[in-house]
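A quick write-up on the structure given underneath.
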Amino acid sequence: MHDDFQARAAALDDADPLAALRDRFALAEGLVYLDGNSLGALPRHVPDRVASAVKTEWGEHLITAWNRDGWVDLPVRTGERIAALIGAAPGTVRVTDSTSVNLFKVLSAALSLKGNRATVVSDSGNFPTDLYVAHGLERAHPGVVLKVVAPEAVAAAIDEGVDVLMLTEVDYRTGRRHDMAALTASAHERGALVIWDLAHSAGALAVDLEGVRVDFAVGCGYKFFNGGPGAPAFYYIAERHQAAVEPLLAGWFGHAAPFAFETAFRPAEGADRLRVGTPPVLSMVALDAALDIFDGLDMDAVQAKGRALTDFFIACVDPFAGELGLELATPRDPAARGSHVSLRHEQAYPVMQALIAAGVIGDMRAPDILRFGFAPLYVRFSDVLSAAGTLETILRQESWDRPEFHARKAVT
Ligand SMILES: *Cc1c(COP(=O)(O)O)cnc(C)c1O
């Protein structure tokens, strides 16, 4: 790589107001981790916190820990912390279940507000699980029709009639970011309810759910929030809808009085009514602790660093991309993308395996996408440069073309 890029990386790292946060993560020196959009890195303080939840709270306090150590409050406490990071009002966000299950709950809630007769619009760039959930509810409710259009065709589909708009803000493949404010406003003008999946937004982008007047949202705990593998997810219900929402997946933790053990379901006040069963305490403890790093952080600054990192990566790759068979799949306009950059390459799978073997961890999304996530809390501009340099070397030398890099693993 040119000296010019080295100097730029050094200057950008020196000027980075978030640079000190990297030390709070357990990342090996020399490893370039560009997959925090799929599994966030481990914050250094989390293992001790989880160990004490296991040894002291579970081991010694046993069932009294539900009250004594506040286990019972975790879905609410952690939800309030996340609310503050996504522009949500207090009392609107709860942490529980997986993103898929939370999407089922908020979509079924939105459908019930429409009498279970609705045209649901989503797009083909959405994450498959979101579409599977919507298809499932379409099968369950004869009055529901799911319309899946191309991402560029969403605005037009809203004009043609929509009752529920269900989208993911940042496309997991291309990184393209929808204009949440404009699409929400346009759907509202037609009387529709709007659900946003924030899986690739929360913890990386400045999201303003109240400002945009979103109706429902869901998002992920293990991506940019660094909650650990399989960390519980979150859902959001705008306050104006809470009293009217009838949970389809009703469970005792969504009951007004779980420990009254009543035979009939009475929904809890507010957002709690979409909770279902016992929270996964150990995973919640890890997520709650991981969120400490976000305390006092300005999400505008986090987003700005994500834009600078992705800009720099594109600039580093541009000089050799065309010549070496790479095509940028992510918008060049930083306002139109999230915090990852995707490059198409015919041999994406073995190229990514060769990158991982060389200490640059990204991932591959079928059929031809090399995906590089730039988590603003711990990725350095020097990492960006080193990833681009390694990619160039692997492509020039064709060192990806070895049998071991072609062997497919279960998780890509
Ligand atoms: C990562 C992701 C999910 C993951 O859902 P899980 O239920 O946690 O497996 C869902 N939706 C989108 C858009 C995602 O990016």
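Hydrogens, waters and symmetry mates play no part in the numbers below; they use all other heavy atoms, side chains included. Every number for a ligand or one of its atoms is a count from 1 in the order of the listing.
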### Query
With a 4.5 Å heavy-atom cut-off, do S38 and D35 have their side chains touching?
yes
### Message
What protein heavy atom lies closest to atom 2 (C) of ligand 1? Include the residue and the distance to one decimal.
### Response
K223 NZ, 2.4 Å
### Task
Give the numbers and elements of all ligand 1 atoms closer than 4.0 Å to a heavy atom of T168.
13 (C)
### Message
I'd like the name of whichever of D97, T99, L131, D197 reaches closest to atom 12 (C) of ligand 1 through any heavy atom.
### Response
D197
### Any N or O of Y172 closer than 3.5 Å to N or O of ligand 1
no
### Query
So, E160 and K147, do they make that salt bridge, N to O below 4.0 Å?
yes
### Task
Check each atom of ligand 1 against the heavy atoms of A199 and keep those under 4.0 Å away; list them by number with element.
2 (C), 12 (C), 13 (C), 14 (C), 15 (O)
### Message
Between D368 and H345, is there a side-chain donor-acceptor contact under 3.5 Å, judged purely by atom types and distance?
### Response
no
### Query
Between S100 and ligand 1, does any nitrogen or oxygen pair lie at a separation below 3.5 Å?
yes
#### Entry: ligand 1 N/O within reach of N126 N/O, cut-off under 3.5 Å
no
### Check ion pair R371-D363 (N to O, under 4.0 angstrom)
yes
### Pair R273 + E269, salt bridge at N-O below 4.0 Å
no
### Message
Among all protein heavy atoms in this structure, tell me which lies nearest to atom 4 (C) of ligand 1, with the distance rounded to 0.1 Å.
### Response
Y222 OH, 3.3 Å
### Task
Report the C-alpha separation of D288 and R49 in whole Å, then their side-chain angles, then the decisive distance to 0.1 Å, and conclude whether the salt bridge (charged side-chain N to carboxylate O under 4.0 Å, His left out) test is met.
CA-CA 10 Å; D288 187 40; R49 182 73 192 79; 5.3 Å; no
### Message
Strictly below 4.0 Å, N to O, side chains only: are R380 and D16 in salt-bridge contact?
### Response
no
### Query
Is E80 paired with R94 through a side-chain N to carboxylate O contact shorter than 4.0 Å?
yes
### Message
I'd like to check which ligand 1 atoms, numbered from 1 as shown, lie under 4.0 Å from a non-hydrogen atom of S98.
### Response
7 (O)
### Query
For ligand 1, does V101 get within less than 4.0 Å through its side chain, its backbone, both, or neither, judged by non-hydrogen atoms?
neither
### Query
Does the N or O separation between H200 and ligand 1 drop below 3.5 Å for any pair?
yes
